[in-house]
Amino acid sequence: MTAPTQTPVWRRACEGHELLDSAAIEVVVEGAVLAIFREQQTLYALDAMCAHQGGPIAKGAVHNGCVTCPWHGWQYELATGKQTIHNQKLLETYPVKEEAGAIWVQI
Ligand code: FES
């Protein structure tokens with residue numbers, strides 16, 4: 001017998017107008033600190049603290065689909081959470097959508 005799987009739930013993260021294009025916001029959803037980015041009309045949600053020493057990912061510069069941690073320059077793909085130098089997923093990513101004027105994450 002297999003354990004029942006939990007259906008992921010969409011949680012409200014912020015209002016849509018709080019996140020402009022080419023910007024990011026740090027939010028706490030269900031106790032998790034997330035960085036949500038809106039880049040060229042696409043939303044991304046990933047862990048907000050850098051895997052190196054906890055730097056604020058939402059304050060990093062974005063270029064070519066990657067965010068650079070403002071503390072020491074580790075770089076992550078927004079879509080996958082992979083650290084680019086070692087091509088290793090170090091940040092968790094989450095489904096994210098905009099609906100009814102709000103931004104929602106599945107966590
Ligand atoms: S804390 Fe992010 S690169 Fe060091």
Side-chain angles (χ1 to χ4, degrees):
M1 190 166 142
T2 58
T5 55
Q6 277 193 313
T7 306
V9 176
W10 289 101
R11 306 281 183 189
R12 190 184 197 101
C14 64
E15 298 301 315
H17 65 81
E18 294 180 272
L19 185 56
L20 303 175
D21 197 34
S22 301
I25 189 170
E26 188 175 287
V27 295
V28 179
V29 181
E30 295 292 302
V33 186
L34 306 179
I36 302 178
F37 294 81
R38 189 195 301 271
E39 194 61 27
Q40 297 181 1
Q41 318 302 327
T42 301
L43 294 170
Y44 303 93
L46 56 163
D47 289 334
M49 288 190 284
C50 179
H52 180 218
Q53 291 182 353
I57 292 299
K59 292 191 186 318
V62 173
H63 186 68
N64 284 343
C66 295
V67 59
T68 301
C69 177
W71 284 6
H72 315 100
W74 283 26
Q75 209 171 49
Y76 300 91
E77 292 178 356
L78 291 173
T80 65
K82 284 184 181 175
Q83 197 254 6
T84 57
I85 290 178
H86 300 295
N87 197 29
Q88 191 178 8
K89 184 178 177 83
L90 296 182
L91 298 180
E92 193 57 57
T93 56
Y94 304 88
V96 57
K97 68 179 180 180
E98 186 166 20
E99 191 175 286
I103 293 178
W104 305 78
V105 293
Q106 206 171 44
I107 189 167

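Position 1 is the first residue of the sequence, and the numbers go up from there. Just so you know, these numbers use all the heavy atoms, side chains as well, and skip hydrogens, waters and symmetry mates. Both counts, for ligands and for their atoms, begin at 1 and track the order of listing.
Look at Cys69 and atom 4 (Fe) of ligand 1: no N/O/S atom of the residue is under 2.8 Å from the metal.
Listed by number with element, the atoms of ligand 1 under 4.0 angstrom from any heavy atom of Gly55 are 1 (S). Close contacts between ligand 1 and Cys50 involve ligand atoms 1 (S), 2 (Fe), 3 (S) [criterion: under 4.0 Å to a heavy atom]. When each atom of ligand 1 is checked for a heavy atom of Trp74 under 4.0 Å away, the hits are 3 (S). Less than 4.0 angstrom separates some heavy atom of Gln53 from each of these atoms of ligand 1: 1 (S). Interface atoms of ligand 1 facing Gly73, defined by a heavy-atom separation under 4.0 Å, are 3 (S). For ligand 1 and Trp71, the ligand atoms under 4.0 Å from any heavy atom of the residue are 1 (S).
Restricting His52 to its N/O/S atoms, the shortest distance to atom 4 (Fe) of ligand 1 is reached by ND1. The nearest N/O/S atom of His72 to atom 4 (Fe) of ligand 1 is ND1.
A distance of 9.5 Å separates CG in Asp47 from OH in Tyr76, rounded to the nearest 0.5 Å. In this structure, Thr93 OG1 and Lys82 NZ are separated by 10.5 Å, a value rounded to the nearest 0.5 Å. Distance check: Asp21 CG to Gln41 CD gives 4.5 Å after rounding to the nearest 0.5 Å. Distance check: Glu98 CD to Leu19 CG gives 8.0 Å after rounding to the nearest 0.5 Å.
The aromatic rings of His72 and His52 sit perpendicular, their planes meeting at an angle over 60°, well past the 30° parallel limit.
Taken together through direct or relayed side-chain contacts under 4.5 Å among Ile, Leu, Val, Met, Phe, Trp and Tyr, Ile25 and Tyr44 form parts of separate hydrophobic clusters.
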